[in-house]
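First comes the structure, then the notes that go with it.
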Amino acid sequence: MKRRDLILFLIIPSIAILSSCQHKPAAAPANPLLNAYDVEQSSTDPQRLIPLNYQQAQGKRVFNNNCVWCHADSTPAGPSNRSNLTPTPPLFTDGETFNSLSDDLMRNTITLGGSAMGKSAIMPPWGQTLTPDEIRAVLAYARAVAQPPYKASARPASQ
Ligand code: HEC
């Protein structure tokens, strides 16, 4: 065996062995914000960003197009109308109000409007304006941004 061959014969396997011994870096913890379609600042902790999935992000769009004027204190276009209304509409982040309401009840109020549900007629019916998917999406958005956080009930909602 030539000297060069001998060196290769010794070096190549040792490189292979050494490199296979290297520690693999521990997988970085998954950052839920990286997979989010959109984020929402927490209403109680501005440092915290809430990741929104696709449906919730669609719901945010529905909300900003239709509901923000009454259910938030400020809108992308400036102050809202909320403080002028009696009864004052709940903020959309108001988990105290919404968390105890079932998905069915929330969807019915949104679809049929306040007066059909024995609530204020100032809450308009959206069943002719929004599709059932848009109504489900805006509800998913409300659940995502609720403070205190919404915990889904174990009982599945009927369709
Ligand atoms: C013109 C103002 C106005 C707009 C726009 C509006 N709401 Fe409302 N909403 C109200 C008022 C006022 C109430 C409170 C009714 C009550 O408590 O009697 C209400 C109540 C609700 C409730 C029920 C709360 C409960 O206690 O049962 C839901 C859910 C809701 N709104 C969702 C929406 C969604 C979703 C949109 C947009 C698609 C929307 N609202 C747009 C005024 C509005």
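Ligands are counted one by one from 1 in listed order, and the atoms in each one are counted from 1 as well.
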Tell me, do [X] and [Y] make a side-chain contact under 4.5 Å, heavy atoms counted?
X	Y	value
M123	H71	yes
S43	V145	no
N53	Q56	yes

What atoms in ligand 1 come closer than 4.0 Å to a heavy atom of [X]?
X	value
P87	12 (C), 16 (C), 18 (O)
V138	35 (C)
M106	29 (C)
F92	32 (C), 35 (C)
L101	25 (C), 26 (O), 27 (O)
S120	15 (C), 16 (C), 18 (O)

Show which side-chain atoms of residues 108-116 pair as donor or acceptor with protein atoms under 3.5 Å away, not counting sequence neighbours.
from: N108; atom 1: ND2; to: D104; atom 2: O; distance (Å): 3.4
from: T109; atom 1: OG1; to: L105; atom 2: O; distance (Å): 2.8
from: T111; atom 1: OG1; to: R107; atom 2: O; distance (Å): 2.6

Open item on the list: F98 and ring-ring contact (aromatic ring centres under 6.0 Å, His included): which single residue from F92, Y150, Y141 fits?
Closed with: F92
Task: Nearest-neighbour protein heavy atom for atom 27 (O) of ligand 1, which is reported as residue plus atom name and distance - done: K119 NZ, 3.3 Å
Task: atom 24 (C) of ligand 1: the protein heavy-atom neighbour that sits closest, reported with distance to 0.1 Å - done: F98 CE2, 3.6 Å
Task: Partner set under salt bridge (charged side-chain N to carboxylate O under 4.0 Å, His left out) for E134, not counting sequence neighbours - done: none
Task: Closest heavy-atom pair and its distance - A137, Q55 - done: CB-O, 3.5 Å
Open item on the list: For a quick test of reading the model, state the closest non-hydrogen atom pair linking C67 to V138 and the distance between them.
Closed with: SG-CG2, 4.3 Å
Open item on the list: Can a donor-acceptor pair be found, under 3.5 Å and without considering hydrogens, that links the side chain of N99 to the backbone of P148?
Closed with: yes
Task: Structural part of L130 in contact with ligand 1, heavy atom criterion under 4.0 angstrom - done: side chain
Open item on the list: Quick check on side chain to side chain contact (heavy atoms under 4.5 Å, CB included): which of P90, P89, S74 does R82 satisfy it with?
Closed with: P89
Task: Pair listing, salt bridge (charged side-chain N to carboxylate O under 4.0 Å, His left out) test, anchored in residues 42-55, at least two apart - done: none
TODO: Would you indicate which of W69, W126, F63 comes nearest to atom 41 (C) of ligand 1 when only heavy atoms are counted?
DONE: W126
- [ ] Anything protein N/O/S under 2.8 Å from atom 8 (Fe) of ligand 1? Just list residue and atom, please.
- [x] H71 NE2, M123 SD
